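These figures come from a predicted structure and were not determined experimentally. Just so you know, ligand 1 is whichever comes first in the structure, and atom 1 is the first atom listed for that ligand. FYI, the numbering just counts along the sequence from 1.
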Amino acid sequence: SAVSGTLFSVGAHAADMTIGFSQIGSESGWRAAETTVSKAEAKKRDITFKIADAQQKQENQIKAIRSFVAQGVDAIFLAPVVATGWDSVLKEAKEAKIPVVLLDRDIDPAGKDLYLTAVTSDSVHEGKVAGEWLVKTVAGKPCNVVELQGTVGASVATNRKKGFEDGIAGASNVKIVRSQTGDFTRAKGKEVMESFIKAEGGGKDICAVYAHNDDMMVGAIQAMKEAGLKPGTEVLTVSIDAVPDIFKAMAAGEANATVELTPNMAGPAFDAVIAFKEKGTVPPKWIQTESKLYTQADNPMSVYEAKKDLGY
Ligand code: GYE
């Protein structure tokens, strides 16, 4: 009928949509899984999905966004490598009436009117859960912690640092003695851990390692083993992401705990964009995904097996 015809033409249909995604790169196992899962989620909804890999560089992300704007895509997903420096390019997208959705990292609060919604976990909470786990586990014993930070200027690095500091704030026995960036990669995690061990006279006084992601921890575990230390027993480990390899390390007794976040940030983002385009539904400014702590007590080998099918 004429009525349903009219209704049909006002709605944007997922199958007709093209969405561009400015992805950071492939620095971690979590990131690679996010890319895989995003493609699968686009396919489920019949969305034409274009991914631009920025190879960790903000300037490449800015170029990708400009190119998506020039192509007139229906929406843009952005995983912002750092939190600042987005104002002018996001204004360009806004002027072109292209909604932007942030995935997995935030931008500075000043940019809040420049995007439709952000799909992220609560990264302050993740750090806090990690810190509280450590406080509980050392049960009052003195504990010198070394910290491997994520990418400098990334919201998740700032927040996971702050959250951990909050988590240990009430425990004067737990102290961060060294803290440096390992840029979220295995290679740098290993390198920085080697320098921590050297600087700490062989590492005998390091009680725990806190890493802002599992990949850096996997590198750090390697460094500890090569230095003759025993991660998982002599040196406690707690990190974030819950990638399959950390469960393997937990099953081997070489890692202690991880905080999980889902690599499926795109699914809720697609749904928000579709509802916005089709019905004008404005999503909440923050779509929060869950965080969950896993320890050696959670049957790590079975989690490892289950994770392998989830895009990792
Ligand atoms: O934890 C880390 C990745 O932004 C949530 O980035 C993401 C983080 C993730 O490199 O592994």
Going by atom type alone, with no hydrogens or angles, which donor-acceptor pairs under 3.5 Å involve a side-chain atom of residues 202-218 and a protein atom two or more places apart or on another chain?
{"residue": "Tyr210", "atom": "OH", "partner": "Arg160", "partner atom": "O", "Å": "2.8"}
{"residue": "His212", "atom": "ND1", "partner": "Gly150", "partner atom": "N", "Å": "3.0"}
{"residue": "His212", "atom": "NE2", "partner": "Glu147", "partner atom": "OE2", "Å": "2.8"}
{"residue": "Asn213", "atom": "OD1", "partner": "Asp215", "partner atom": "N", "Å": "3.4"}
{"residue": "Asn213", "atom": "OD1", "partner": "Met216", "partner atom": "N", "Å": "3.0"}
{"residue": "Asn213", "atom": "ND2", "partner": "Phe184", "partner atom": "O", "Å": "3.0"}
{"residue": "Asp214", "atom": "OD1", "partner": "Ser239", "partner atom": "OG", "Å": "2.7"}
{"residue": "Asp214", "atom": "OD1", "partner": "Ile240", "partner atom": "N", "Å": "3.4"}
{"residue": "Asp214", "atom": "OD1", "partner": "Thr258", "partner atom": "OG1", "Å": "2.9"}
{"residue": "Asp214", "atom": "OD2", "partner": "Ala242", "partner atom": "N", "Å": "2.6"}
{"residue": "Asp214", "atom": "OD2", "partner": "Val243", "partner atom": "N", "Å": "2.9"}
{"residue": "Asp214", "atom": "OD2", "partner": "Thr258", "partner atom": "OG1", "Å": "3.2"}
{"residue": "Asp215", "atom": "OD1", "partner": "Gly29", "partner atom": "N", "Å": "3.0"}
{"residue": "Asp215", "atom": "OD2", "partner": "Gly29", "partner atom": "N", "Å": "3.4"}
{"residue": "Asp215", "atom": "OD2", "partner": "Arg186", "partner atom": "NE", "Å": "3.0"}

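- The residues Lys162 and Glu165 are annotated as not salt-bridged, no charged nitrogen and carboxylate oxygen being separated by less than 4.0 angstrom.
- Protein neighbours of ligand 1 below 4.0 Å, counting non-hydrogen atoms: Glu27, Ser28, Trp30, Arg31, Asp104, Arg105, Val156, Arg160, Phe184, Asn213, Asp241, Leu261.
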Could you list the donor-acceptor pairs under 3.5 angstrom formed by side chains in residues 260-267, with sequence neighbours left out?
{"residue": "Glu260", "atom": "OE1", "partner": "Tyr294", "partner atom": "OH", "Å": "3.4"}
{"residue": "Glu260", "atom": "OE2", "partner": "Lys307", "partner atom": "NZ", "Å": "2.5"}
{"residue": "Thr262", "atom": "OG1", "partner": "Asn264", "partner atom": "N", "Å": "2.9"}
{"residue": "Asn264", "atom": "OD1", "partner": "Gly267", "partner atom": "N", "Å": "2.8"}

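- Between Glu41 and Lys44 a salt bridge is recorded (basic side-chain N to carboxylate O distance below 4.0 Å).
- Looking at residues two or more places apart in sequence or on another chain, you find a side chain to side chain contact (heavy atoms under 4.5 Å, CB included) between Ser291 and Ser121, His125, Glu126, Val259.
- Under 4.0 Å is where a charged nitrogen must lie from a carboxylate oxygen, and between Glu254 and Lys248 no such pair does.
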